[in-house]
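We number each residue from 1, following the sequence as shown. No experiment lies behind these values; they were computed from the predicted model shown.
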Amino acid sequence: MTLADFVATEQMAQPGQEAEARVWEAVRNVWRLREGLVYWRYPVFTAKAVREPDLLIADPDLGLTIIEVKSFQLRDITGIQGHTWFLTDRERPTVMPYEQARHQAQALLDRLSLEPVLHQAVNVRVLVALPNIRRAEWEARGLHRLASTPPCLFAEDFRGNGLLERIRTAPSLVQAPALSADHWRVLKAFLGTPGALRSSARIQPPHRAVQRRADVLKFVRAHLHEFDLQQELIAKVIPPGPQRIRGVAGSGKTVLLAQKAALMHLRHPEWRIALVFWSRALYDAVRGHVDHWLQYFSGGERTLASAAPQLTVMHAWGAKNQPGFYRMVAEAHHLKPQAVNVTQRHSPMEALALACCDLLVALETTGGVIPQFDAVLIDEGQDLLADGAAFMYGDKQAFFWLALQTVRPDAQTGGRRLIWAYDEAQSLDSLTVPTAAALFGADHSHLVQGVHPGGAKKSEVMTRCYRTPNAILTAAHALGMGLLREDGMLTGLTQRAGWKALGYEVEGSFVSGQQVTLHRPAQNAPNPVAQLWKDDLLSFEIYPTRQEELQALTRALHQNLTIDGLFPSRQLLVVVLGATRRTKALIHEVALYLRGAGLDFYVPGQQRANELRDLAWYDRCPDQFWVEGAITVTDARRAKGNEADMVQVVGFDALAAREDDIFLRNQLFVGLTRSRGWVRLSGAGCAASKMTLETRRVLNAGGTFTFQFRPPSKRDLGELEPPPPEGSWWTDWTGRPQSRGSKRSS
């Protein structure tokens with residue numbers, strides 16, 4: 001039997017919440033030994049109000065139980081008439097606790113009615129908890145004899161062993177038998193993060209052998225994922241301070257940040273919230289996710305458009321025609337923002353770091369950054385790092401420090417809700433390992449260790465990959481780090497705990513000369529494509545010439561569209577590898593081959609499909625990644641954050657020519673992990689290269705990699721954070737270097 005999971009969606013550290021905390025702990029003590037799912041403040045949103053049961057208990061035997069907690073003393077209640085309780089409190093003279101809980105239950109039932117399997121199949125109880133009142137004194141007042149008195153839990157029910165029986169014997173609003181295993185699985189998934197998915201039971205694959213990729217995808221789309229406690233905690237828990245989310249590629253970081261932003265807005269519509277990312281090519285995806293979850297959780301009442309300006313989705317920099325985070329902060333302080341093309345000698349990220357440094361320095365003389373947000377969420381955080389002292393604000397990453405300062409401190413803890421997600425394996429520009437010290441300086445090196453008041457974790461590490469099948473993800477890790485490289489690995493983790501965080505099992509020791517075996521078990525890769533597809537998910541082919549490679553590419557795409565039944569937009573994606581100038585030329589060449597084969601294509605930045613024009617910056621469409629009816633052809637940088645069912649990665653020979661280039665290997669990693677199902681990897685003229693031979697060794701390894709360990713020659717990811725010194729605690733949220741000279745290194 002699986003024991004219960006517990007989710008406290010907001011801190012339980014507010015003044016006057018001692019009674020609620022006692023009830024929560026009593027319920028936890030009971031359900032620690034039972035199967036179930038227990039929430040503190042489960043969010044249910046309706047058109048008129050936010051309905052948040054103090055406690056929601058889901059149990060396969062008991063169904064759903066809602067407990068409304070009131071911290072009254074008996075002397076606070078002057079009388080009860082019907083469902084109205086009269087109080088001595090002049091500011092709040094009446095309450096209706098049972099009606100409040102019943103409305104919460106009805107809102108939840110309305111949502112459950114959308115799931116045919118659960119409609120009228122779940123027992124529902126409602127109780128009022130009075131942990132500061134003893135049953136004897138309640139009965140001495142004769143309140144138990146009133147016809148309208150609700151089922152109550154009293155002080156002694158939370159100290160002894162009778163709590164479970166009291167709940168079990170309470171009357172039901174909806175009566176139903178105990179849940180079957182299938183019904184219980186669907187109820188947990190419905191309450192949890194994947195709640196938008198529908199399934200009457202575990203769907204069985206077709207009896208006949210699946211031949212078409214479209215048939216596989218039809219099954220996968222209907223597949224109901226099991227409840228994932230970690231995803232639930234990340235999506236629904238609102239921390240009272242900073243939180244880092246480190247996730248393996250495809251673990252759902254973007255979706256969870258979108259859910260988190262949506263739920264924050266619905267629970268606290270007065271808050272000002274920003275969801276920030278680097279690449280403008282992600283606008284369509286991120287806005288779509290946030291809008292979906294706003295509508296889902298609000299029953300269609302709220303959208304991203306209606307949430308503005310309190311909830312804003314924006315890229316990191318900003319432009320005149322598209323507000324961005326840095327530009328918005330500069331203008332809020334009445335300073336002229338810099339444009340990306342001002343510092344042509346630097347990469348766009350380095351230019352942004354310099355701009356943020358200049359802004360921070362300029363604000364030193366005016367009292368510093370004025371907080372504008374109640375929460376800032378950052379996606380793809382690894383893309384917002386710049387290497388080198390010249391781009392740092394003292395010992396801090398300028399963008400992250402600026403973002404931190406824009407967040408108002410929490411009234412109770414003083415912490416600032418800066419929440420950032422990243423996967424350092426996907427970095428295309430920086431070798432910096434994004435520890436707290438690297439982002440916020442040595443004084444904040446232990447910023448994300450431990451838990452916040454109320455129990456929210458300061459750091460989450462996501463090991464399960466939902467998007468990319470295991471065979472592709474493990475190959476991407478092995479090739480990205482060079483695990484089976486002839487001359488030893490280039491970059492990677494050198495601690496058992498780090499590999500465990502990526503979802504791997506480890507045999508051996510990371511000592512130079514010792515043998516190490518890495519294997520990623522199936523439970524960390526719930527994508528079911530591998531169970532249904534009889535052939536390889538990742539194919540690799542080197543052609544004698546580029547012409548032959550691109551001819552084979554167009555034949556494969558024609559097969560994807562005709563035989564496999566896939567759609568060109570959002571199901572097919574072509575990713576081109578290589579350095580910037582070479583990649584642009586190869587994208588142009590690929591597009592011309594697609595045009596010659598009668599295939600519609602779209603190159604991000606162009607205004608429409610089948611165009612290859614050199615556009616001025618003001619004519620480009622940087623926010624667009626897909627065009628309906630066209631196959632997107634792009635580089636790895638613009639592909640980041642997007643995904644497709646079938647990914648064609650071309651230009652492998654660029655990596656073969658520079659096999660020790662970490663950034664090119666990261667491009668390959670990004671290209672491979674864009675896939676939800678299959679990858680076809682190809683190159684030209686490099687059949688005998690060291691990189692080609694290494695790739696074939698990786699594919700032949702079947703997801704289990706055995707190698708003689710040598711320390712990485714380029715980047716050692718080591719441990720995520722050093723252990724904190726005993727007694728350490730972060731306190732400084734506003735401290736700045738004293739002199740202007742300490743801000744920026746020349």
Legend entry - All side-chain hydrogen bond (donor to acceptor under 3.5 Å, both in side chains) counterparts of Thr9, not counting sequence neighbours: Arg267
Inset, instruction - Enter the distance from His444:NE2 to Thr435:OG1 here, rounded to the nearest 0.5 Å. - result: 12.5 Å
Inset, instruction - Could you tell me the separation between the NZ atom of Lys714 and the CZ atom of Phe663, rounded to the nearest 0.5 Å? - result: 9.0 Å
Legend entry - Arg674 (side chain) donor-acceptor with Asn642 (main chain) under 3.5 angstrom: yes
Inset, instruction - Using atom types as modelled and distance alone, determine if a side-chain donor or acceptor of Arg244 lies under 3.5 Å from a backbone N or O of Lys458. - result: no
Legend entry - Residues that Asn527 engages under side-chain contact (heavy atoms from CB on, under 4.5 Å), provided they are two or more places apart: Pro469, Val529
Inset, instruction - Just do the side chain to side chain contact (heavy atoms under 4.5 Å, CB included) check on Leu363 and Leu335 with the steps written out, would you? - result: CA-CA 9 Å; Leu363 293 175; Leu335 295 174; 3.7 Å; yes
Inset, instruction - Determine yes or no for a side-chain-to-main-chain donor-acceptor pair under 3.5 angstrom, with Thr463 supplying the side chain and Gly503 the backbone. - result: no
Inset, instruction - Kindly indicate whether the side chain of Pro712, heavy atoms from C-beta on, has any atom under 4.5 Å from the side chain of Thr494. - result: yes
Legend entry - ring-ring contact (aromatic ring centres under 6.0 Å, His included) partners for His315, two or more places apart: Tyr283
Inset, instruction - Identify whether the distance between the nearest side-chain nitrogen and carboxylate oxygen of Asp374 and Arg272 falls below 4.0 Å. - result: no
Legend entry - Partners meeting ring-ring contact (aromatic ring centres under 6.0 Å, His included) with Phe325 (sequence neighbours left out): Phe373, Phe399
Legend entry - Flag side-chain contact, heavy atom, 4.5 Å: Lys188 against Asp5: yes
Inset, instruction - Mind checking salt bridge (charged side-chain N to carboxylate O under 4.0 Å, His left out) for Asp54 and listing every partner two or more places apart, or none if nothing turns up? - result: Arg41
Legend entry - Residues that His333 engages under ring-ring contact (aromatic ring centres under 6.0 Å, His included), provided they are two or more places apart: none
Legend entry - Tyr326 side chain vs Leu402 backbone, donor-acceptor pair below 3.5 Å: no
Legend entry - Whether His268 and Trp271 hold their rings parallel, tilted or perpendicular, with breakpoints at 30° and 60°: parallel
Inset, instruction - For residues Thr312 and Ile273, determine if any side-chain heavy atom of one lies less than 4.5 Å from a side-chain heavy atom of the other. - result: no
Legend entry - Atom pair SG/NZ of Cys357 and Lys396 - distance to nearest 0.5 Å: 11.0 Å
Legend entry - Donor-acceptor pair, side chain of Arg665 and main chain of Met481, under 3.5 angstrom: no
Legend entry - Main-chain N/O of Val575 paired to Thr634 side chain as donor or acceptor, under 3.5 Å: no
Inset, instruction - Grab the two heavy atoms, one from Ala390 and one from Leu354, that are nearest each other, plus how far apart they are. - result: O-CD2, 3.4 Å
Inset, instruction - Kindly indicate whether the side chain of Leu55, heavy atoms from C-beta on, has any atom under 4.5 Å from the side chain of Val23. - result: yes
Inset, instruction - To the nearest 0.5 Å, tell me how far Leu282 CG sits from Ser279 OG. - result: 4.5 Å
Inset, instruction - Please identify each residue that fulfils side-chain hydrogen bond (donor to acceptor under 3.5 Å, both in side chains) with Ser306, with sequence neighbours left out. - result: Arg302, Thr303
Inset, instruction - Show your reasoning for whether side chain to side chain contact (heavy atoms under 4.5 Å, CB included) applies to Val286 and Leu275. - result: CA-CA 9 Å; Val286 178; Leu275 176 52; 3.6 Å; yes
Legend entry - Audit row: Gln230, Glu232, side-chain hydrogen bond (donor to acceptor under 3.5 Å, both in side chains) steps and yes/no: CA-CA 5 Å; Gln230 185 182 42; Glu232 189 71 350; over 6 Å; no
Inset, instruction - Would you confirm whether Lys260, through its side chain, and Ile234, through its main-chain N or O, come within 3.5 Å as a donor-acceptor pair? - result: yes
Legend entry - Note, Tyr466 side chain near Gln231 side chain (heavy atom, < 4.5 Å): yes
Legend entry - Side-chain ion pair, Arg676 and Glu643, N-O less than 4.0 Å: yes
Legend entry - Salt-bridge criterion met for Arg417 and Asp410 (N-O under 4.0 Å): yes
Legend entry - Check: Pro348 and Trp278 side chains under 4.5 Å, non-hydrogen atoms: yes
Inset, instruction - Taking the side chain as every heavy atom from C-beta outward, state whether His477 and Tyr504 have any pair of such atoms under 4.5 Å apart. - result: yes
Legend entry - Taking every non-hydrogen atom, the tightest pair across Ala421 and Leu257: CB-CD1, 3.8 Å
Legend entry - From Trp420 atom CH2 to Ile245 atom CD1, the distance as rounded to the nearest 0.5 Å: 9.5 Å
Inset, instruction - Taking only Lys NZ, Arg NE, NH1 and NH2, and the carboxylate oxygens of Asp or Glu, determine whether Asp423 and Arg246 approach each other closer than 4.0 Å. - result: no
Legend entry - Side-chain (Thr406) to main-chain (Ala403) donor-acceptor, under 3.5 angstrom: yes
Inset, instruction - Measure across Arg280 and Ala319 and return the closest heavy-atom pair with its distance rounded to 0.1 Å. - result: NH1-CB, 3.7 Å
Inset, instruction - Look at the rings of Tyr296 and His292 and say which category their plane angle falls in: under 30° parallel, 30 to 60° tilted, over 60° perpendicular. - result: parallel
Inset, instruction - Measure the spacing between CD1 of Ile419 and CD1 of Ile378 and express it to the nearest 0.5 Å. - result: 10.0 Å
Inset, instruction - Say whether Asp383 and Tyr422, considering side chains only, have a donor N or O and an acceptor N or O under 3.5 Å apart. - result: no
Legend entry - Which residues share a side-chain contact (heavy atoms from CB on, under 4.5 Å) with Ala525, sequence neighbours left out: Asn470, Arg520
Inset, instruction - Give the minimum heavy-atom separation between Pro239 and His452, together with the two atoms involved. - result: CB-CD2, 3.9 Å
Legend entry - Pairing residues for Pro409 by the side-chain contact (heavy atoms from CB on, under 4.5 Å) criterion, not counting sequence neighbours: Arg416
Inset, instruction - Could I get the full list of side-chain hydrogen bond (donor to acceptor under 3.5 Å, both in side chains) partners for Arg570, not counting sequence neighbours? - result: Asp284
Inset, instruction - With sequence neighbours left out, write down each residue that passes side-chain hydrogen bond (donor to acceptor under 3.5 Å, both in side chains) with Arg327, or none if nothing qualifies. - result: Glu331
Legend entry - Gln310 side-chain N/O to Glu270 backbone N/O, donor-acceptor pair under 3.5 Å: yes
Inset, instruction - Identify, with sequence neighbours excluded, every residue that meets side-chain contact (heavy atoms from CB on, under 4.5 Å) alongside Ala258. - result: His289, Val290, Trp293
Inset, instruction - Answer yes or no: is there a side-chain heavy-atom contact under 4.5 Å between Trp40 and Phe6? - result: no
Inset, instruction - Taking all non-hydrogen atoms of both residues into account, name the closest pair between Arg111 and Phe190 and its distance. - result: O-CZ, 3.2 Å
Inset, instruction - State whether the side chain of Gln243 and the backbone N or O of Lys457 hold a donor-acceptor pair below 3.5 Å, judged by distance alone. - result: yes
Legend entry - Heavy-atom pair of closest approach, residues Glu460 and Leu233: OE2-CB, 4.3 Å
Inset, instruction - Take Phe277 and Thr254 through the side chain to side chain contact (heavy atoms under 4.5 Å, CB included) test and state the conclusion after the steps. - result: CA-CA 10 Å; Phe277 47 89; Thr254 300; over 6 Å; no
